[in-house]
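First the structure, in the form of structure tokens, and then the observations on it.
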Amino acid sequence: MLRFLLTRLGLLIPTFLGVTLIAFLFIRLLPGDPIEILAGERGVSPERHARLMRELGFDRPLWEQYLGYLGDVLQGDLGRSIVTKQPVIREFLTLFPATLELSLCAILLAVVIGLPVGILAAVRRGTVFDHSVMAVTLTGYSMPIFWWGLLLIILFSGILGWTPVSGRLSLLYYVEPVTGFMLIDTLLSDQEGAFLSALRHLILPTAVLGTIPLAVIARQTRSAMLEVLGEDYVRTARAKGLPPRRVIGLHALRNALIPVVTTIGLQVGVLLAGAILTETIFSWPGVGKWLVDSIFRRDYPAVQGGLLLIASLVMLVNLVVDLLYGLINPRIRHRRA
Amino acid sequence: MARAPETLDRPAEDALGPEPPGPFREFWHDYRQNRGAVAGLVFLLLLVAVALLADLVAPHAPDVQYRDAFLTPPVWQEGGSWRFPLGTDATGRDILSRIIFGSRYSLSIGFLVIVLSLLGGITIGLFAGFFRGWIDTLVMRLMDVLIAIPGLLLALVVVAIMGPGLFNAMFAIAIVYLPHFVRLTRAATLAELSRDYVTGSRVAGAGLARLMFVTVLPNCMPPLIVQATLSFSTAVLDMAALGFLGMGAQPPTPEWGTMLADAREFILRAWWVVTFPGMAILFTVLAINLVGDGLRDVLDPKLKRS
């Protein structure tokens, strides 16, 4: 297992370097002069321009600049936002819990509904239930989620008036951020109704962000179950006279879960891309909305830092999924390592 | 189902027995087993027809603003009229006509993106597979990096570099899909290169270009075609998403995602402004996905999941 872990980590390093290289080149590929980009709309005088050029090292050869950037990144320095003058990493970390809370709820929703539905569809293959599941999940998979979010707002906020349109918490409450998760913080704050308010703000974004992962997980679970249900050991278990519930729950499901775990892990990229759209629609103060706003504000150091951090996050989660996969499926571990 | 009459109508077979069906016939026979795939294909063909004939089909020009008809509701709602079947937007433009003209953008953009991405991916993948060594390693690591960045984020970053606009957004999304085609082509190439027919062709003196594009490539195509169709649908979605974020086609282009961006502030007052363009996106993407599933079942039975 240790060797497996080390090989995987070894493969990660060149990819991480590649991501830093792309983030580094991003600022330099932008049209215009890097100093002017960093200075924003105010512009700089020629003397200050020359001095900054030297101070920030833009007059050195590219590879030297890159090594400098890489050194900064490894020390956790991702530069400063042009707009707020705050370190980019601090801005990211302040907003990230909001995105994490939303993404976790979305993936939870997707698993809690998608998994049983997929299993049931496989067990009842060919029935009306199965066909409806396939039709609904294909629709979910084809959904433009930004439009889906707007529709839900029209229905639940506009017509029914059940849910708020935007934000994480009603303005009536102020909650000291402890964990950054609004659901937990409101519980800790002991304010009457605050938790319910946070929950009502969370429901629609969760449903929107969870839609595509839900469809993918349900379909993947169904096909994995179908494959396993045709295996010899399932037939043997049935022939032994085990109750169907036990055959499906124990013999089949355990093996079918292996590819499903990978699928769930792969949804992280989908979730983060979806968060960009979902947060924009619901004015959810997370890193997705922050990235879009930063692009519009031409806050390029923020975009650069966000790009690096999100790509690193995706790589890290993929690594964990890979390891988990090796852990639950010894065949993989021994073959590849 | 309705298959029996066709066999009856066929001319009597000669003594040699039935002629083997041509490749297209065989393909179609397999393809039409999947009712959803046929429905998707019919919808897409209709959409292509509508896009081509937009000037004839659409009741109005897409960018004419009727100053007497701001935010007119659709015909079945009170205040609506047949003049604007699906209502008008905030500047008095006919929504149905804009959706009809918008189909041109969504279809051609999705198609161009995939062609661009497919051509690039095939070329890079073939070179990586043929030359192996450091070129291969370098290319594949680069693809790993591109895949680590969530698609929409990568597209946004490319658009930030190149500036918003229809063509830049297309290019950005083509880059997003490139790694998938490179990986598929390379994997298929490696599998084919060890086959005898490739060695045979090599021994017979085929040059590198011939080996690549004439000998090996055709045998790598089925998974690429399937991936291309499935990516086509996500490309349409991503393009609409970029338009929605204000990074794709710019107003007043009647691109569906851009129409949604314009409509956002009116959602609670005029539901139709938001609903119909999104419906157009959903149905188109759904139809493409149905066709993609059908193609997968026929062309690449190994990938068939159930």
Side-chain angles (χ1 to χ4, degrees), chain A residues 11 14-19 21-22 26 29-31 122 125 134-135 138-139 141-148 150-151 153-154 157-159 165 219-220 222-224 226-227 268-274 276-277 280-281 288 291-292 295-296 298 300 303-304 306-307 310-312 314-315 318, chain B residues 36 137-138 141-164 176 233-234 236-238 240-241 243-247 256-257 260-261 263-264 267-269 271 274-275 277-290 293 304-306:
Chain A
L11 278 175
T15 316
F16 176 74
L17 288 179
V19 171
L21 189 63
I22 286 191
F26 166 68
L29 283 173
L30 289 166
R125 184 184 188 178
M134 291 305 276
L138 189 70
T139 312
Y141 181 71
S142 310
M143 191 65 88
I145 61 168
F146 45 96
W147 175 68
W148 180 224
L150 296 177
L151 276 195
I153 290 178
I154 292 179
S157 309
I159 298 175
V165 180
R219 287 172 88 84
Q220 174 70 42
R222 175 181 175 273
S223 62
L226 281 180
E227 200 164 303
V268 177
V270 178
L271 280 175
L272 287 172
I276 293 177
L277 293 168
T280 304
I281 299 166
L291 268 170
V292 175
I295 289 180
F296 272 112
R298 301 179 180 275
Y300 293 119
V303 178
Q304 182 190 36
L307 175 69
I310 286 183
S312 311
V314 171
M315 289 189 317
N318 285 347
Chain B
T137 315
L138 190 71
R141 289 293 85 77
L142 187 65
M143 294 305 135
D144 286 349
V145 173
L146 290 184
I147 276 189
I149 305 171
L152 189 60
L153 178 58
L154 182 60
L156 278 175
V157 167
V158 176
V159 173
I161 294 173
M162 302 176 61
V176 171
S233 68
T234 25
V236 172
L237 272 184
D238 281 355
F244 177 72
L245 291 174
M247 298 284 177
W256 295 338
L260 281 175
R264 260 186 77 187
I267 52 171
L268 295 181
R269 276 200 284 149
W271 60 270
V274 174
T275 310
M279 235 180 232
I281 303 174
L282 173 62
F283 288 150
T284 307
V285 174
L286 194 59
I288 301 171
N289 276 335
L290 284 169
D293 278 357
K304 189 172 177 177
R305 295 220 206 92
S306 53

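From a predicted model like this one, the values you see are computed outputs, not experimental measurements.
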In terms of heavy-atom proximity below 4.5 Å to chain A, should B/L146 be classed as side chain, backbone, both, or neither? side chain
Cut-off 4.5 Å, heavy atoms of chain A, and the answer for B/T275 is both
Per-residue contact mode, A/F16 against chain B (heavy atom under 4.5 angstrom): neither
Supply the atom-to-atom distance A/I276 CD1 to B/L153 CG, rounded to the nearest 0.5 angstrom. 5.0 Å
I need the minimum non-hydrogen distance between A/F146 and B/L237, along with the two atoms involved. CE2-O, 4.2 Å
Identify the heavy atoms of B/M279 and A/W147 that sit nearest to each other, and give their distance. N-CZ2, 3.5 Å
From the list A/I145, A/I154, A/L21, A/V292, the residue making the most non-hydrogen contacts under 4.5 Å with chain B is A/I154
So which heavy atom on A/I281 is nearest to which on B/R264, and how close? O-NH2, 3.7 Å
When only pairs under 4.5 Å are counted, which of B/S233, B/A263, B/A240 shares the most heavy-atom pairs with chain A? B/A240
Pairwise side-chain contact, B/I149 with A/V314, heavy-atom cut-off 4.5 Å (strictly under): no
What option among A/L271, A/L272, A/T280, A/V270 has the most heavy-atom pairs under 4.5 Å with chain B? A/T280
Between A/L151 and chain B, which part of the residue has a heavy atom less than 4.5 Å away: side chain, backbone, both or neither? side chain
Rounded to the nearest 0.5 Å, how far does CG of B/L286 lie from CE of A/M143? 9.0 Å
Minimum heavy-atom distance B/V145-A/I22, with the two atoms named: CG1-CD1, 3.6 Å
Distance check, rounded to the nearest 0.5 Å: B/R141 atom CZ versus A/L11 atom CG? 6.0 Å
When rounded to the nearest 0.5 Å, the distance separating CG of B/L290 from OG of A/S142 is 7.0 Å
Between B/I161, B/V285, B/L142, who has the most heavy-atom pairs with chain A when the cutoff is under 4.5 Å? B/I161
Count the heavy atoms of every other residue, nucleotide or ligand shown that sit under 6.0 Å from OH of A/Y141, and state whether that count exceeds 12. no
If you round to the nearest 0.5 Å, how far is CD1 of A/I159 from CH2 of B/W271? 9.0 Å
Side chain from CB out, backbone as N, CA, C, O: work out which of these in A/V303 comes under 4.5 Å of a heavy atom of chain B, or both, or neither. side chain
Please report the closest heavy-atom contact between B/L268 and A/G158, naming both atoms and the distance. CD2-CA, 3.6 Å
Side chain from CB out, backbone as N, CA, C, O: work out which of these in B/D293 comes under 4.5 Å of a heavy atom of chain A, or both, or neither. side chain
Answer yes or no: is there a side-chain heavy-atom contact under 4.5 Å between B/L156 and A/L291? no
Considering only heavy atoms and a distance below 4.5 Å, find which of B/I281, B/V274, B/D144 pairs most often with chain A. B/V274
Is the shortest side-chain heavy-atom distance between A/I153 and B/I267 below 4.5 Å? yes
Nearest heavy atoms of B/G278 and A/P144, plus distance in Å: O-CG, 4.1 Å
Leading residue by heavy atom contact count with chain A [cutoff under 4.5 Å; candidates B/T284, B/L282, B/L152]: B/L282
Could you tell me the separation between the CG atom of A/L277 and the CG atom of B/L245, rounded to the nearest 0.5 Å? 5.0 Å
